[in-house]
A.B. asks: 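Take a look at this one; I'll ask things after.
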Amino acid sequence: MTVQLYLAAILFILMITIGGKKGARSFVALFLNFGVLLFTIILMNDPNMNPIILTLIACTLISCISLFFISEINIKTGTAFLSTIITTGLLLFFILMLTDQAMIQGFSEEETEEIGAFSLFVGVDFVKIGASMIIMSTIGAIIDLSISISSPMREIAYHNPTISRKNLFSSGLSIGRDILGTSTNTLFFAFFGGYMGLLIWFKDLSYSIGEIVNSKVFSSEMIFIGSAGIGVALAIPVTSWITAYFLVKRRSESNDRIER
């Protein structure tokens, strides 16, 4: 426990020193988001609860904390929040179909020995649980990408007040393309690093390449990575269009008030 406290103290000092007031809010937001995730997981153990609805509520709360609590309420956080919710909703429908078709829900054959002494009837829908896991793993990247696009688009609109909605949208897409490569690589290496122990386990089980590729555990992780990449890619046009629409709309409303 002492090591964790030291790490938390070092992180807090660095975030305060570099980020100032916003860094302090970001540090607090980490614990708030952790609390949301923990509470959501506890509620998912109740068979009467719908994991999809819980996930959507949790994603909404996490988005509010990550955007409005840290950067306050303004045009860039508002458009980033709306983009995140829309992207998450679109991705959720896709993931539900994909999870059902791939049949990656439930326990794999490698886990049968560990769970053999327990009842396999847990009363929850593993298709929905699997979809919720993918969304929870992706929401952070979608929020990060959305604010990374909406913030520079606001600066572009501020310094070039005559820019058209089409050109502003194109600028957002250009920004998103530059971010897309690094974001997908970040997701890939984050998942790969987290599940490196899985590959070592496969080696100890003397699995062939074919057995590894066709394993339910490995397939589910690849679907996690692919779905996260799709969510990040989908967030680029959604964020660009929504931000361009509201920025130009607000500029038009401001001009109308001035003329009056």
Side-chain angles (χ1 to χ4, degrees), residues 8 11-43 51-92 132 134-159 165 168-169 171-172 175-176 179 183 186-187 190 228 231-254:
L11 177 62
F12 179 72
I13 293 172
L14 288 175
M15 294 181 76
I16 290 292
T17 304
I18 298 174
K21 184 179 179 181
K22 187 171 288 188
R25 289 184 176 182
S26 299
F27 184 80
V28 175
L30 289 175
F31 293 94
L32 293 177
N33 286 332
F34 175 76
V36 171
L37 287 174
L38 183 62
F39 187 65
T40 303
I41 292 172
I42 293 173
L43 290 178
I52 301 302
I53 296 177
L54 290 175
T55 300
L56 291 176
I57 295 174
C59 288
T60 302
L61 292 175
I62 291 171
S63 300
C64 289
I65 294 170
S66 301
L67 293 171
F68 300 135
F69 178 75
I70 296 175
S71 301
E72 301 180 347
I73 300 175
N74 49 58
I75 186 68
K76 64 181 180 182
T77 55
T79 55
F81 173 77
L82 184 59
S83 304
T84 300
I85 297 303
I86 292 176
T87 303
T88 303
L90 294 174
L91 185 63
L92 186 58
S132 299
I134 298 175
I135 290 295
M136 288 294 186
S137 303
T138 311
I139 186 65
I142 294 176
I143 294 173
D144 181 62
L145 186 73
S146 297
I147 194 65
S148 297
I149 293 176
S150 63
S151 182
M153 285 182 69
R154 179 189 175 277
E155 292 299 317
I156 293 172
Y158 176 78
H159 292 287
R165 181 174 288 152
L168 188 58
F169 173 71
S171 298
I175 295 168
I179 303 173
S183 296
T186 300
L187 288 170
V232 168
L234 187 62
I236 294 174
V238 172
T239 305
S240 300
W241 188 87
I242 291 175
T243 305
Y245 175 80
F246 281 103
L247 285 174
V248 173
K249 181 181 179 181
R250 189 180 70 166
R251 184 183 65 193
S252 300
E253 292 175 349
S254 299

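The residues of the chain are indexed from 1 along the displayed sequence.
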A.B. asks: Shortest non-hydrogen contact from S240 to G172?
C.D. replies: OG-C, 3.1 Å
A.B. asks: What's the separation between atom CD1 in I13 and atom CZ in F27, rounded to the nearest 0.5 Å?
C.D. replies: 9.5 Å
A.B. asks: Please evaluate residues C64 and F81 with respect to the criterion side chain to side chain contact (heavy atoms under 4.5 Å, CB included), reporting the C-alpha separation (whole Å), side-chain torsions for both, the decisive distance (0.1 Å), and the verdict.
C.D. replies: CA-CA 7 Å; C64 289; F81 173 77; 3.6 Å; yes
A.B. asks: Are M136 and T40 packed together at the side-chain level, in the sense that at least one heavy-atom pair is separated by less than 4.5 angstrom?
C.D. replies: yes
A.B. asks: Is V28 close to F69 at the side-chain level, that is, under 4.5 Å between some pair of heavy atoms?
C.D. replies: yes
A.B. asks: Drop me the distance from F39's CZ to I57's CD1, to the nearest 0.5 angstrom.
C.D. replies: 10.0 Å
A.B. asks: With sequence neighbours excluded, what pairs up with T138 under the side chain to side chain donor-acceptor pair (under 3.5 Å) test?
C.D. replies: none
A.B. asks: Would you say that F246 contacts L82 through its side chain, given a criterion of any heavy-atom pair below 4.5 Å between the two side chains?
C.D. replies: yes
A.B. asks: Under the criterion side chain to side chain contact (heavy atoms under 4.5 Å, CB included), I'd like the reasoning laid out for F169 against T243: C-alpha separation, chi angles, the key distance, then a yes or no.
C.D. replies: CA-CA 8 Å; F169 173 71; T243 305; over 6 Å; no
A.B. asks: S66 and I70: which non-hydrogen atoms are nearest, and at how many Å?
C.D. replies: O-CD1, 3.4 Å
A.B. asks: Look at the side chain of S71 and the backbone N and O of F68, then say whether any donor-acceptor pair between them is shorter than 3.5 Å.
C.D. replies: no
A.B. asks: Nearest 0.5 angstrom please: I86 CD1 to I142 CD1, how far?
C.D. replies: 12.0 Å
A.B. asks: Search all heavy atoms of L247 against all heavy atoms of M153 and return the closest pair with its distance.
C.D. replies: CD1-O, 3.7 Å
A.B. asks: Ignoring hydrogens, what is the shortest heavy-atom contact between A244 and L168? Give both atom names and the distance.
C.D. replies: CA-CD2, 3.8 Å
A.B. asks: Measuring from I236:CD1 to S148:OG, what's the distance to the nearest 0.5 Å?
C.D. replies: 10.5 Å
A.B. asks: Just how far is it from atom CD1 of I147 to atom OG1 of T84, taken to the nearest 0.5 Å?
C.D. replies: 8.5 Å
A.B. asks: Between N33 and A29, is there a donor-acceptor pair closer than 3.5 Å when you use the side chain of the first and the backbone of the second?
C.D. replies: yes
A.B. asks: How many angstroms lie between CG in D144 and CD1 in I179, if you round to the nearest 0.5 Å?
C.D. replies: 8.0 Å
A.B. asks: Below 4.5 Å, heavy atoms only, C-beta onward: do L37 and I62 meet side chain to side chain?
C.D. replies: yes
A.B. asks: Under a 4.5 Å cut-off applied to non-hydrogen side-chain atoms, are E72 and R25 in contact?
C.D. replies: yes
A.B. asks: So which of I139, V232, I135 actually passes side-chain contact (heavy atoms from CB on, under 4.5 Å) with L91?
C.D. replies: I135
A.B. asks: Please confirm whether the backbone N or O of K76 pairs with a side-chain atom of S150, one donor and one acceptor, at under 3.5 Å?
C.D. replies: yes
A.B. asks: What I'd like to find out is whether the side chain of L11 reaches to under 4.5 Å of the side chain of L30, using heavy atoms alone.
C.D. replies: yes
A.B. asks: Are any of the side-chain heavy atoms of T239 and T79 separated by less than 4.5 Å?
C.D. replies: no
